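What follows is one structure encoded as structure tokens, with my remarks underneath.
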Amino acid sequence: MGPKKRKVVTAWPGARERRSGLSVQLQPGVGQGAELEPEPRGHLQQQLPEEAPVTSVYFNKVAHRRLSSGFFNRPCVTLAKEFLGQVMVRKFPDGSEVKGRIVETEAYLGGEDQASHSRGGKQTPRNTAMFMTPGTMYVYQIYGVYFCLNVSSQGDGAAVLVRSLEPLHGLDTMRQLRSKRRREAGKPLKDHELCNGPSKLCQALDITKIFDRGDLATGNEIWLEPGPEEISGADIVSTSRIGIGYAGEWVNKPLRFYIKGNKCVSVVDRDAEKVKD
DNA sequence: CTATGGATCAACT
DNA sequence: GTTGATCCATAGA
């Protein structure tokens, strides 16, 4: 039997409201400062003015507080692994911030990758961001309900899907944002459940289509900072991607990467974790 | 396990 | 312009 007939709607509900910022009331101050901030890396972590221009790599080591465009200009698989451990920061219109450490990513390689939205090298209005400068965000809506965040990498049509974060700061804000789609009577979410999925993290950070084609390297509302610790190759599990059963030979390619043992990984692969030789 | 929900795009008229 | 099949998921039972 065929699919049910659907009415056609040209805009997603709430689009206008969300443009003006948060659509839930946040409780200011609650929980802020009670959570552990990542240790600064070295002594150069001083605060910078928000739009501090980076004019020279030689005189602006300080500017590495925020990962800049050069960081994103790497091959897709390399970038997917380098993302692990970096801290995603979301600043809301009221000035408050939430932060989470990236613990799970997937690489989508572009034209030849049958699981990629850019398969066959096809560029459409939806996936245009995948073909833009490395560091460009590709946000798309899935199943009509949720959003997923990708970041363009080096390579035509290649991008990295951000699948899971370990919440570091602003957990109460995340919980409020995540509750919007949940029943009142639902059990309160554990910390590790706040961002353990590609659309969960978009809810928790209020990432919507308005960020599509935005630049993660220069934006004021969302950016990356160096993580508190280096993630070594030995701590990275490489395994198959999630939810791409249609992609033929690409189904089993090890293009999903996560930090071994991290509680916030969405789908754990015990077999892939068994390190042999 | 199932229900949910709407944009997207190829393939048509 | 319309149609049909699909889609990188989540929530709740």
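Letters go in sequence order (proteins before strands), and every chain restarts at 1. Predicted model, so just to flag it, every value in this text is computed and none were measured.
- Rounding to whole angstrom units, OH of residue A/Tyr146 and P of C/dG12 are separated by 9 Å.
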Between the protein and nucleotides 9-13 of chain B, list every N/O to N/O distance that falls short of 3.5 Å.
from  : atom 1 : to       : atom 2 : distance (Å)
B/dC9 : OP1    : A/Thr124 : OG1    : 2.2

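- Atom CG in A/Asn196 sits about 13 Å away from atom P in C/dA9, given to the nearest Å.
- A cation-pi contact, defined as under 6.0 Å to the ring centre and within 45° of the axis, links A/Arg241 to A/Tyr108.
- Judged by distance alone, the side chain of A/Arg66 and the main-chain N or O of A/Gly219 form a donor-acceptor pair under 3.5 Å.
- The phosphate of C/dC8 has OP1 or OP2 within less than 4.0 Å of a side-chain N or O from A/His117.
- Residue pairs satisfying the salt bridge (Lys or Arg N to Asp or Glu O under 4.0 Å) criterion with at least one member in residues 126-146 of chain A, sequence neighbours excluded, are absent.
- Atom NZ of A/Lys180 is separated from atom C1' of C/dT10 by 16 Å (rounded to the nearest Å).
- Side-chain nitrogen and oxygen atoms of A/Lys209 include none within less than 4.0 Å of the OP1 or OP2 phosphate oxygen of B/dG6.
- Nearest heavy atoms, A/Leu177 versus A/Ala204: CD1-O, 3.2 Å.
- Atoms CD (A/Glu193) and P (C/dG12) sit 11 Å apart, rounded to a whole Å.
- Here A/Arg256 pairs with A/Glu104 in a salt bridge; the nearest charged N to carboxylate O distance falls below 4.0 Å.
- Per the geometry, NZ belonging to A/Lys253 stands 18 Å off C1' belonging to C/dC8, to the nearest Å.
- Using a 4.0 Å cutoff on non-hydrogen atoms, the parts of residues 105-112 of chain A near DNA chain C are A/Tyr108, ordered by number.
- In the hydrophobic clustering of this structure, A/Tyr140 does not group with A/Val162; members are Ile, Leu, Val, Met, Phe, Trp, Tyr whose side-chain heavy atoms approach within less than 4.5 Å, directly or through other members.
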Dot-bracket encoding of pairs in DNA chain B, which uses [ ] for pseudoknotted crossings and | for another strand, Watson-Crick or G-U under 3.5 angstrom:
||||.|||||||.
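- Toward the 5' end of DNA chain C, the nearer of the two residues A/Asn150 and A/Leu189, judged by each one's closest nucleotide, is A/Asn150.
- Using a 4.0 Å heavy-atom cutoff across all strands shown, A/Arg178 reaches sugar-phosphate atoms only and no base atom.
- No continuous path of hydrophobic side-chain contacts links A/Tyr138 to A/Leu255 [ILVMFWY only; heavy atoms under 4.5 Å].
- C/dC8 atom C1' lies 17 Å from atom OH of A/Tyr258, rounded to whole Å.
- Under the 4.5 Å side-chain contact rule for hydrophobic residues, A/Leu161 and A/Tyr146 do not share a cluster.
- A/Asp235 meets the side chain to side chain donor-acceptor pair (under 3.5 Å) test with A/Ser232; sequence neighbours excluded.
- A/Phe71 and A/Phe83 have parallel rings, their planes meeting at less than 30° on a 0 to 90° scale where 60° marks the start of perpendicular.
- A/Leu161 comes within 4.0 angstrom of a base, heavy atoms only.
- Straight-line distance from the CD atom of A/Gln141 to the C1' atom of B/dT4: 13 Å, rounded to whole Å.
- Considering only side-chain N and O atoms, A/Arg163 lies under 4.0 angstrom from the phosphate OP1 or OP2 of C/dA9.
- Checked against C/dC7, B/dG5, C/dT10, the side chain of A/Ile142 finds its nearest nucleotide in C/dC7.
- One can find a donor-acceptor pair under 3.5 Å joining the base of C/dC8 and the side-chain atoms of A/Tyr140.
- Atom CZ of A/Arg256 and atom C1' of C/dC8 are 11 Å apart (whole Å).
- With sequence neighbours left out, the salt bridge (charged side-chain N to carboxylate O under 4.0 Å, His left out) criterion links A/Arg175 to A/Asp191.
- Nearest nucleotide to the A/Tyr143 side chain, out of C/dA9, C/dT10, C/dC8: C/dA9.
- The closest side-chain donor-acceptor pair between A/Gln203 and A/Arg178 falls under 3.5 angstrom.
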